[in-house]
Amino acid sequence: MSSTETAQKPLPFHFQFLAGAIAGISEILTMYPLDVVKTRAQLSTSGNTGILQSLKDIVKKEGPATLYRGIAAPILVEAPKRATKFAANEQYTALYKKLFGMEKVTQPLAIATGVSAGVTEAVLIVPFELVKIRMQDKANAAKYSGTADALRKILKQEGPLALYNGLEATIWRHAAWNGGYFGVIFGVKEWLPKAKNKNEQLVNNFIAGTIGGTFGTMLNTPMDVVKTRIQGYTGQGPKKYNWTLPSIALVAKEEGFGALYRGFTAKVLRLGPGGGILLVVFETVSGFMRKHFM
């Protein structure tokens with residue numbers, strides 16, 4: 001159950017976790033090529049190339065398999081990552097309702113639970129994100145033969161703590177996105193006409209999730225850009241980007257404010273509809289489990 005569906009009986013934690021895992025893997029298999037384009041744009045300091053042109057260039061020059069290069073790391077983490085997003089959101093909802101003596105969810109509570117779930121999610125995924133960024137970077141094409149090789153070389157050359165480079169930026173990124181996502185979903189579901197059947201419920205979930213994903217992306221793209229820059233550093237030469245807010249200021253100063261939204265179109269095309277896919281699959285799987293296992 002999402003935090004906006006207060007009338008339904010909450011799922012046990014293990015069912016929430018499984019439903020979130022299935023939703024996350026469905027989303028990433030569908031939208032991953034856009035994530036590759038987004039990362040390439042964020043690593044670039046020389047302006048944007050259109051999404052279709054970027055996809056065509058990657059396929060032509062590097063082969064179509066490059067569109068899924070580095071996917072092993074996010075696939076490995078996607079189940080616990082998305083599962084944590086939804087399951088933690090539900091657990092924080094129950095905790096905060098009890099803590100503040102609230103009988104039902106409000107929009108401020110939905111935002112607070114989303115931010116809390118985002119911080120929890122961020123701590124879990126940082127090493128996987130770092131390996132994914134390194135694999136997606138065109139400059140590393142000849143350096144890493146695969147995900148396992150990238151992980152081995154990072155550990156050997158940079159040490160275990162390198163896997164947590166960008167932790168602070170990842171926390172900012174996920175707190176902003178989840179707070180915006182769950183907060184907007186609550187508001188949009190309140191605004192939409194009540195669904196009269198399952199098909200209308202699917203449409204409402206997709207609309208709410210897409211708008212929530214789009215708003216979350218608008219909020220967190222600057223944090224995502226500097227996170228990518230921080231995690232792209234391989235230990236050679238001076239380290240230009242360290243902490244989120246100073247790095248945001250540095251990018252804006254050197255490259256202009258627009259650089260903080262580099263890769264935005266690819267990112268919003270992924271996480272807008274991707275947010276809709278997440279919510280639809282999560283609610284559908286949750287409904288199935290609630291019907292057949294409870």
Side-chain angles (χ1 to χ4, degrees), residues 1-12 15-28 30-31 34 82-83 85-97 100-118 175-221 264-265 267-294:
M1 181 185 89
S2 81
S3 60
T4 59
E5 303 292 330
T6 55
Q8 297 185 51
K9 184 178 179 181
L11 281 172
F15 284 150
Q16 295 169 5
F17 196 88
L18 180 59
I22 293 171
I25 290 173
S26 300
E27 186 271 335
I28 198 168
T30 306
M31 311 300 285
L34 288 171
R82 300 305 189 186
K85 178 191 297 295
F86 286 101
N89 186 67
E90 294 295 331
Q91 297 302 310
Y92 283 120
T93 298
L95 173 65
Y96 291 165
K97 283 172 68 177
F100 298 115
M102 303 173 70
E103 293 186 0
K104 62 180 183 178
V105 178
T106 62
Q107 189 166 40
L109 182 64
I111 294 169
T113 59
V115 169
S116 300
W177 197 89
N178 281 273
Y181 180 66
F182 286 109
V184 168
I185 283 173
F186 179 92
V188 172
K189 282 191 170 185
E190 290 289 299
W191 173 75
L192 288 172
K194 297 299 180 184
K196 298 176 182 177
N197 53 54
K198 288 184 178 180
N199 287 336
E200 288 185 4
Q201 186 63 54
L202 287 175
V203 171
N204 281 2
N205 283 338
F206 186 77
I207 291 171
T210 299
I211 296 173
T214 299
F215 185 73
T217 302
M218 292 169 64
L219 282 179
N220 88 335
T221 295
F264 176 76
T265 304
K267 181 176 168 69
V268 81
L269 284 175
R270 179 194 170 186
L271 293 175
I277 292 169
L278 276 174
L279 188 60
V280 166
V281 176
F282 178 78
E283 294 285 4
T284 301
V285 174
S286 295
F288 177 84
M289 291 176 174
R290 192 175 283 109
K291 180 178 180 180
H292 293 281
F293 299 106
M294 292 179 64

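Quick caveat, the model's predicted, so the values are computed rather than measured.
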Quiz item: Does the side chain to side chain contact (heavy atoms under 4.5 Å, CB included) test come out yes or no for F182 and K85, once each step is laid out?
Solution: CA-CA 10 Å; F182 286 109; K85 178 191 297 295; 3.9 Å; yes
Exercise. Show the numbers, then the answer: is there a side chain to side chain contact (heavy atoms under 4.5 Å, CB included) between F288 and T284?
Key: CA-CA 6 Å; F288 177 84; T284 301; 5.9 Å; no
Practice problem: Starting from the C-alpha separation in whole Å, work towards a yes-or-no answer on side chain to side chain contact (heavy atoms under 4.5 Å, CB included) for L278 and Y181. | Solution: CA-CA 11 Å; L278 276 174; Y181 180 66; 3.8 Å; yes
Exercise. Please report the C-alpha distance between V115 and N178 in whole Å, then the side-chain angles of each, then the deciding distance to 0.1 Å, and finally whether the side chain to side chain contact (heavy atoms under 4.5 Å, CB included) criterion is met.
Key: CA-CA 6 Å; V115 169; N178 281 273; over 6 Å; no
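In terms of heavy-atom proximity, L109 sits nearest to V105 at CD2-CA, 4.0 Å. Counting all heavy atoms, side chain and backbone alike, A110 lies closest to F186 at CB-CB, 3.9 Å. The shortest heavy-atom contact between L279 and A208 is CD2-CB, 4.3 Å. The shortest non-hydrogen separation linking A176 to N220 is CB-CB, 3.8 Å. Of all non-hydrogen atoms in L18 and M289, the two that sit nearest each other are CD2-CE, 3.1 Å. Residue Q107 comes nearest to G183 through the heavy atom pair NE2-O, 2.9 Å, listed as atom of the first residue, atom of the second, then distance.
A distance-only check finds no donor-acceptor pair linking the side chain of Q201 to the backbone of N197 [under 3.5 Å]. Here the side chain of N204 pairs a donor or acceptor atom with the backbone of P193 at under 3.5 angstrom.
Using a 4.5 Å heavy-atom threshold, the side chains of T221 and K267 count as touching. Here the side chains of F15 and R290 are not in contact, with every heavy-atom distance at 4.5 Å or above.
Distance check: L219 CG to W177 CH2 gives 11.0 Å after rounding to the nearest 0.5 Å. In this structure, CD1 on I185 lies 9.0 Å from OG1 on T210, to the nearest 0.5 angstrom.
Side-chain contact of K189 with N205: a donor-acceptor pair under 3.5 Å is present, judged by distance alone. Using a 3.5 Å distance cut-off with no hydrogens or angles, the side chains of S116 and Y96 do pair a donor with an acceptor.
Electrostatic pairing of E190 and K104 does not count as a salt bridge here, judged by no charged N lying under 4.0 Å from a carboxylate O.
For F215, the CZ atom is loosely surrounded, since the number of other residues' heavy atoms within 6.0 Å does not exceed 12.
By the ring-ring contact (aromatic ring centres under 6.0 Å, His included) test, F206 pairs with no residue at all, sequence neighbours left out.
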